[in-house]
Undergrad: 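Okay, handing you the structure first.
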Amino acid sequence: MDALGGALVPDEVGASVDCMDGDNVDSGDDEVGCSAAGPPAAAPRKRPRPYKANPASTTSLPFGSIVKLYCKKAPWSYTAPWRKESQVACTGTGFLIQGRYIVTNAHVVHRHVSVIVRAPGRDGAPVKTAARVVSVAGPFDLALLTVADETFWENKELLSFSDSLPHLDSNVTAVGFPIGGDNVSVTRGVVSRIDVNAESLLRFQIDAAINPGNSGGPVFDKTFAVVGIASSHLKRATNIGYVIPAETVKLFLEQAVGQDGFRGVAKAWLSYTQSLESPWLRRRLKLPADQTGGIRIGAVEPLGPSFGKLEVDDVLLAIDGCPVARDGTVVLRGQERIAFQYCITRRPAGTTMEASVWRDGAVHDIKITTQAPLYIAPRHDGWDCNPSYFICGGLVFVPLTAPWAKAKKLGSLLDRYRGMIKTDGQQVVMLSKILAHDANFGYHHIGSHVLQSFNGTKPDNLAHLAKLVQHANEDAAETYEFLFHAQPPGLLPANTLSVGELVICLDRKECIQAQAEIFAQHFISAQFSRDVGVAMSPV
């Protein structure tokens with residue numbers, strides 16, 4: 001599934017269109033002719049008349065409240081994390097809501113340097129105005145904007161969100177500014193599926209066409225109430241678009257305009273659960289015959305809010321009184337079911353849930369304060385991860401993150417590092433690449449490997465590695481010795497149990513002498529990123 005990301009446009013947007021040769025612009029004269037010596041005068045040309053609205057074709061769609069966004073971005077480079085990428089431009093869609101805000105997708109304005117809103121002015125003609133980003137929630141893929149110019153809000157209808165989730169097979173209308181033209185576009189379809197996304201947040205699928213540029217646009221039901229925001233579509237598939245429902249948008253808005261701001265996705269930190277469809281497993285857990293539902297808890301993360309409250313082999317029977325079936329689903333509405341995690345993520349992080357579990361022959365009701373996740377491989381650029389690096393002897397080390405893995409086309413590597421951190425500050429340290437120099441001769445072809453140890457010590461994170469190198473310098477060690485997994489784990493065959501070992505050994509003094517030259521060759525201003533420097537500083 002791909003976020004639409006807005007429609008990429010040339011760097012200059014909105015340039016005027018020149019008339020082609022022979023297409024004259026009407027000067028306003030009623031009669032057009034030539035001199036008496038010339039050919040006969042041409043017949044008078046009638047002025048073009050503006051189109052008149054057909055009352056029978058009008059709709060209640062609030063087109064004046066739907067705006068086009070022009071965004072200039074300067075994203076950070078994860079493969080060369082000491083610099084930013086070239087500035088790029090994209091377009092997207094947003095719409096006006098109560099409180100004088102504009103809501104859109106996070107990926108439309110992420111890493112923005114400028115956001116321009118185009119909306120109808122006083123006379124109905126489109127006017128461009130600068131906007132300010134108020135809040136960006138990467139895990140929700142939602143963002144909130146506002147416009148300071150008071151005249152922008154004059155005669156504008158502010159939209160409200162529906163209080164209900166659309167039903168399967170109900171008609172919906174997606175409105176936005178997708179690629180293929182500059183004017184507003186309307187597509188219609190039906191709700192074809194309701195489920196959860198990778199963050200276990202509610203979403204629904206529609207078969208109306210959603211294309212780049214539609215991102216952030218409203219989706220209306222047949223009564224023209226806003227039921228969601230167009231967000232993404234599935235690659236290599238036809239007519240599979242995903243919509244963020246109104247209830248998720250409301251959850252974001254409550255936090256975005258609140259005092260504490262957006263706090264992330266609520267999680268209980270249950271890293272593994274198991275369905276209980278096997279009668280023999282239910283017997284082993286001593287579940288009585290009248291307990292027909294429930295799922296087995298297989299692992300509880302040690303730093304999470306459930307640790308010390310829930311245990312392995314507990315059977316999760318219900319969340320906030322909502323029964324969990326033996327296949328791990330709960331009732332959504334009527335005969336519709338959805339993954340049980342939805343009962344957790346539908347609330348703000350930091351609020352309390354009640355888990356009913358079967359343990360030692362009895363039901364226990366346990367209150368758990370939910371917490372935003374801290375993934376061992378962070379997922380969202382600008383939210384739980386930012387480009388970070390440490391360079392030693394031309395070896396560029398970075399923490400494993402989803403943006404880095406995507407940039408390196410190593411998405412399969414993330415499958416080996418799922419779940420939450422097990423210790424405070426834990427990171428998987430990666431050798432991203434080697435900046436070639438005589439000091440690291442013989443290793444120039446190596447990259448994208450997991451670091452196991454430096455001079456015999458396993459680093460907890462990138463800052464710890466930098467401290468270990470610092471201590472080696474203070475102790476005047478003769479060499480730097482790095483031990484890696486011999487092959488990126490995500491690239492190993494499924495039946496491979498051992499990854500082997502790869503060693504890089506460098507002369508410490510040569511590395512120190514080469515550092516200034518390496519940095520000059522690649523326009524690098526510092527040996528490590530700011531976050532690593534802060535972590536290394538004494539408290």
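Note that the numbering runs from 1 along the sequence shown for the chain. These numbers come from the heavy atoms of this one structure, side chains and all, not from hydrogens, waters or symmetry mates.
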Undergrad: Give the minimum heavy-atom separation between V147 and A131, together with the two atoms involved.
TA: CG2-CB, 4.1 Å
Undergrad: State, to 0.1 Å, how close P373 and V265 come at their nearest heavy-atom pair, and which atoms those are.
TA: CD-O, 3.3 Å
Undergrad: Taking the side chain as C-beta and beyond, is there a heavy-atom pair between N386 and W76 under 4.5 Å?
TA: no
Undergrad: Minimum heavy-atom separation for C322 to V330, with atom names?
TA: SG-CB, 3.7 Å
Undergrad: Could you pull out the closest heavy-atom pair between V196 and Y342, with the gap in Å?
TA: CG1-CB, 4.1 Å
Undergrad: Do the side chain of T370 and the main chain of T351 share a donor and acceptor less than 3.5 angstrom apart?
TA: yes
Undergrad: Under a 3.5 Å cutoff, is there a donor and acceptor pairing between the side chains of W404 and S432?
TA: yes
Undergrad: Under a 3.5 Å threshold, yes or no: a donor from one side chain and an acceptor from the other, between Y78 and D381?
TA: yes
Undergrad: Stepwise, does the salt bridge (charged side-chain N to carboxylate O under 4.0 Å, His left out) test hold for E336 with R333?
TA: CA-CA 5 Å; E336 299 174 59; R333 176 180 53 196; 3.2 Å; yes
Undergrad: Show, in sequence, the C-alpha distance, side-chain angles and deciding distance for S275 and D327, and conclude whether the side chain to side chain donor-acceptor pair (under 3.5 Å) test is met.
TA: CA-CA 5 Å; S275 65; D327 65 347; over 6 Å; no
Undergrad: Looking only at atom types and distance, does a side-chain atom of N105 sit under 3.5 Å from a main-chain N or O of A143, one as donor and one as acceptor?
TA: no
Undergrad: When you check the side-chain N and O atoms of R132 and T146, is any donor under 3.5 Å from an acceptor?
TA: no
Undergrad: Regarding S388 and S529, is there a side-chain donor-to-acceptor distance under 3.5 Å anywhere?
TA: yes
Undergrad: Side chains of D207 and S192 only: does a donor on one sit below 3.5 Å from an acceptor on the other?
TA: no
Undergrad: Does the ring center of F262 lie less than 6.0 Å from the ring center of F140?
TA: yes
Undergrad: May I ask you to check whether W82 and Y389 place their ring centres under 6.0 Å from each other?
TA: yes
Undergrad: Verify whether one side chain among T129 and D149 offers a donor that lies under 3.5 Å from an acceptor in the other.
TA: no
Undergrad: If we ignore hydrogens and angles and just use 3.5 Å, is the side chain of Q255 paired with the main-chain N or O of L251 as donor and acceptor?
TA: yes
